[in-house]
Amino acid sequence: MADIFEVGIVGSGIMGAGLAEVAARAGHDVVVRSRTIDGAEGVLRTIADGLDRQIVKERLTADQRDEIVGRIRVTDHLGRLANCDLVIESVVENLEIKKALFAELEQVVKPGGMLATNTSTLPVVELAMATQRAELVCGIHFFNPAPTMKLVEIVRPVTAADDTIGRAVAFAERCGKDAVVVEDRAGFIVNALLFPYLNNAIRLCDTGTASMESIDTAMQGGCGFPMGPFALLDLVGLDTSLSILDALYDEFRDPNYAAVPRLRRMVAAGQLGRKSGHGFYPYP
Ligand SMILES: NC(=O)c1ccc[n+]([C@@H]2O[C@H](COP(=O)([O-])OP(=O)(O)OC[C@H]3O[C@@H](n4cnc5c(N)ncnc54)[C@H](O)[C@@H]3O)[C@@H](O)[C@H]2O)c1
């Protein structure tokens, strides 16, 4: 099994920054590619700010921060990913955009380089088939926030070689994560079970059963969840949540996956959760 040294991350959103930090903390050289250099530099700032907060809490030293940040390079040029042993794509949850990106990665990443997606729901096999190296493509699905969440789902499309899945598991474990291998079905394990619950929480509120604050309090206190469904939707991002529900509904046609109208309207209004400053709750 070939080792993974240099890791490329494509995407500079919530997850792109988290993945870059996780891989750098594990000792990998990391290259983050965003479409704009501002976006790419923003990732470095987000990571450095997060690490500074860890120093204040005495969970990290200044030397460790410098070492982690020192392993991360940023670029707006896809060609800088050429030498990566593994590239993890984490751009917007849209199949056509991701397929086009995989076709581009096929052109620039060295032969033998693994290509992975952080998609929450989309068919990994379609991304694999957009390349000439389907056996080297799989899903490596981290959770938000990536530096603190322990789980990684390793998603096996029918096209993946066993060695690819083994290398992905080894990478996740080197990042300090618990890896579970799952077949390539929309939502994998966690989101297939989580999103009907989140969707039904909005429905419950909309039928007047309880306020969203009461529902959040109830699910924290009654089920021991660290946060309620509305706070979690805001953390995930309402646009990402809507895309996940749409992908689940497309695949299974189960009414529990049919996104409630309020979610779709909020996304149309640009109320995307924490990242836009307003979702179910305000984030001034
Ligand atoms: N948010 C979560 O909780 C979460 C958790 C696990 C996995 N994911 C997955 O991670 C991926 C990214 O999600 P996120 O939450 O970081 O989203 P985000 O909205 O924070 O970031 C999306 C990124 O995609 C880029 N982008 C947008 N349009 C693009 C295009 N046309 N071409 C290339 N890049 C484009 C944006 O510039 C941004 O860098 C998605 O596949 C999502 O399903 C999200």
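Fair warning: this is a prediction, and the values are worked out from it, not measured in the lab. Indexing begins at 1, ligand by ligand and atom by atom, following the structure's order. Count residues from 1 along the sequence.
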For the residue pair [X] and [Y], categorise the inter-ring angle as parallel (less than 30°), tilted (30 to 60°) or perpendicular (more than 60°).
X: Y197; Y: F225; value: perpendicular
X: F143; Y: H141; value: tilted
X: F171; Y: H28; value: tilted

Any N or O on [X] sitting closer than 3.5 Å to an N or O of ligand 1?
X: N144; value: yes
X: E89; value: no
X: V236; value: yes
X: M15; value: yes
X: G16; value: no

Please write down residue, atom name and distance for the protein heavy atom closest to [atom].
atom: atom 6 (C) of ligand 1; answer: F142 O, 3.1 Å
atom: atom 27 (C) of ligand 1; answer: R35 NH2, 3.3 Å
atom: atom 38 (C) of ligand 1; answer: G13 N, 3.8 Å
atom: atom 19 (O) of ligand 1; answer: K275 NZ, 2.9 Å
atom: atom 41 (O) of ligand 1; answer: E93 OE1, 2.5 Å
atom: atom 20 (O) of ligand 1; answer: I14 N, 2.9 Å

S120 neighbourhood, listing ligand 1 atoms whose heavy-atom distance to it stays under 4.0 Å: 6 (C), 7 (C), 8 (N), 9 (C), 42 (C), 43 (O), 44 (C)
Residue I97 vicinity, atoms of ligand 1 by number, heavy atom under 4.0 Å: 30 (C), 31 (N), 32 (N)
D85 side-chain N/O to F5 backbone N/O, donor-acceptor pair under 3.5 Å: yes
Exam field: side chain D216 to backbone F230, donor-acceptor pair closer than 3.5 Å: yes
Contact check, S90 vs ligand 1, heavy-atom distance below 4.0 Å: yes
Shortest reach to atom 24 (O) of ligand 1 by a heavy atom, considering only V190, L272, V92: V92
Residues S211 and S214: side-chain donor-acceptor under 3.5 angstrom: yes
Electrostatic pair E251-R185, nearest N-O below 4.0 angstrom: no
